[in-house]
Amino acid sequence: MWQNDAVVRRRPECAWQDVNGKVVVVTGATRRIHILDGCGPALWLRLAQPQRVEALACFLQETYDVDAARAHADLQEFLASLARERLIEATGPGTDR
Amino acid sequence: MEKIWKETEEAIKAACRPFDVTWELTRRCNLSCCHCYNVKDDTEPSLEDIALAAGRLRRAGTLFVTLTGGELFCRPDILEVLRVVGEAGFAVRILTNGTLIREEHIACLRGICLQEIGISLYGVTSDVHDRITGVAGSFEASSRAVRRLKEAGLPVHIQSTILKENFDSYAAIRRLAQEWGVVCLMDPVVSPRDDGSRDVLAHRLEPSQTRHLYEDYFRHLSFPQEPPERFLCEAGRAMGAVTARGDILPCIQLPVAVGNIFRQEMIDVWRDAPLLKKLRSAAKEDFGACATCPRTNLCRICPGLAFLEDGNIFGPSSTACFAARTWEDYLARGKT
């Protein structure tokens, strides 16, 4: 579970490319290929810089016109899957999983 | 996930963007392999050129780059090169003889999105290997590199061109790779040199040796009963190459420049070059005798080899024809 004040960003050793609106991500650590669709590409672009979890949830709420609970739930699931695949890392104070 | 990947893979191919690019970063080399297509000289893009080209490749849609030469690690600025390529966001493969790899290189390789590093090895003794490379001590140095990269947890494999000179060693090379715990990729293909010279072809296997190699090494391959959906590979579609001079090629094997990345945007060249458009629309019927060939489901035609060996990009390739006939004989003898 990511705390609201946790700060996350893309792992710098991930390679990625846009393919017809989806994002294809390749990791160095596991050498697996991942495909992000839906709101994934937009979040991935924002994660180029460290982002507070709370700010990402607000972004989802505003961009996709969903309520706060839904935005937070979807975000938690998304960040959990990215973390599991070693595509993101936590930085800065207040980080927790 | 499999369905999503299949759709994405189809989208990549349909988009005709250079998703996977072989990138030649020097023509210098510290070895003198008897069979090599590379004509050594000092041609080498500057770090600024590499950064420029990296940006253009990114905008064109490239994700995978295979860095090669010459010998990549001949570049004194290779650490800076790897940093630039890594920071540009590419998934990197490297082809190298490994003889010049040092600890600082290994540390740098850990920090990029490294997918594979292939080390050329041509024998299991210095007698055989060094005779092919023309440099004493190269077997020890390349072997050391394989073992060190494996110890460091990096994705190393061996690649070996099988020639007349090392045909008797190919099984031993495979066993050595197994002993080291690495994959071994073998290939009997020798291309004419980049300057058109065909003297290197004298090192090719005899037809009987090639047949033996195919039947032994490729025995595990299965071939579809129907011809593939598309006759040609991804050259000029999802696959391309950039030379040390910045020339943009449909593929590293097909040395016909369609533009230059230091003078043009890659995305514009890839979209508009007439040769690339022709490659994308080409079907079996455009390849002369291939139109009526009954072996197309066994054929792995390479338009690059067809051009280099037989003088016609859009024609049969004697190498592919020989391989397809060999497989047809093999299958007919019931050894599937």
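Residue numbering restarts at 1 for every chain, and letters A, B, ... go by the order of the sequence lines.
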Around atom CZ of A:Arg32, are there more than 12 heavy atoms from other residues, nucleotides or ligands closer than 6.0 Å? no
Tell me, please, which residues at least two apart from B:Arg102 pass side chain to side chain donor-acceptor pair (under 3.5 Å). none
Return yes when atom CD of B:Glu151 has more than 12 non-hydrogen atoms of other residues, nucleotides or ligands closer than 6.0 Å, and no otherwise. yes
What parts of residues 82-98 of chain B touch chain A if we use heavy atoms and a cut-off under 4.5 Å? B:Gly89, B:Phe90, B:Ala91
Where does A:Val26 contact chain B at under 4.5 Å (heavy atoms): side chain, backbone, both or neither? both
Hey, which residues of residues 57-78 of chain B are touching chain A, say heavy atoms under 4.5 Å apart? B:Arg58, B:Gly61, B:Thr62, B:Leu63, B:Phe64
side-chain hydrogen bond (donor to acceptor under 3.5 Å, both in side chains) contacts in which one or both residues fall within residues 44-63 of chain A, not counting sequence neighbours: none
Under 4.5 Å from any heavy atom of chain B, what part of A:Asn20 do you find: side chain, backbone, both or neither? side chain
Is A:Asp67 atom CG crowded by more than 12 heavy atoms from other residues, nucleotides or ligands, each under 6.0 Å away? yes
Close side-chain approach of A:Glu13 and B:Ile112, heavy atoms under 4.5 Å: no
For A:Arg70, is the CZ atom crowded, meaning more than 12 foreign heavy atoms sit under 6.0 Å from it? no
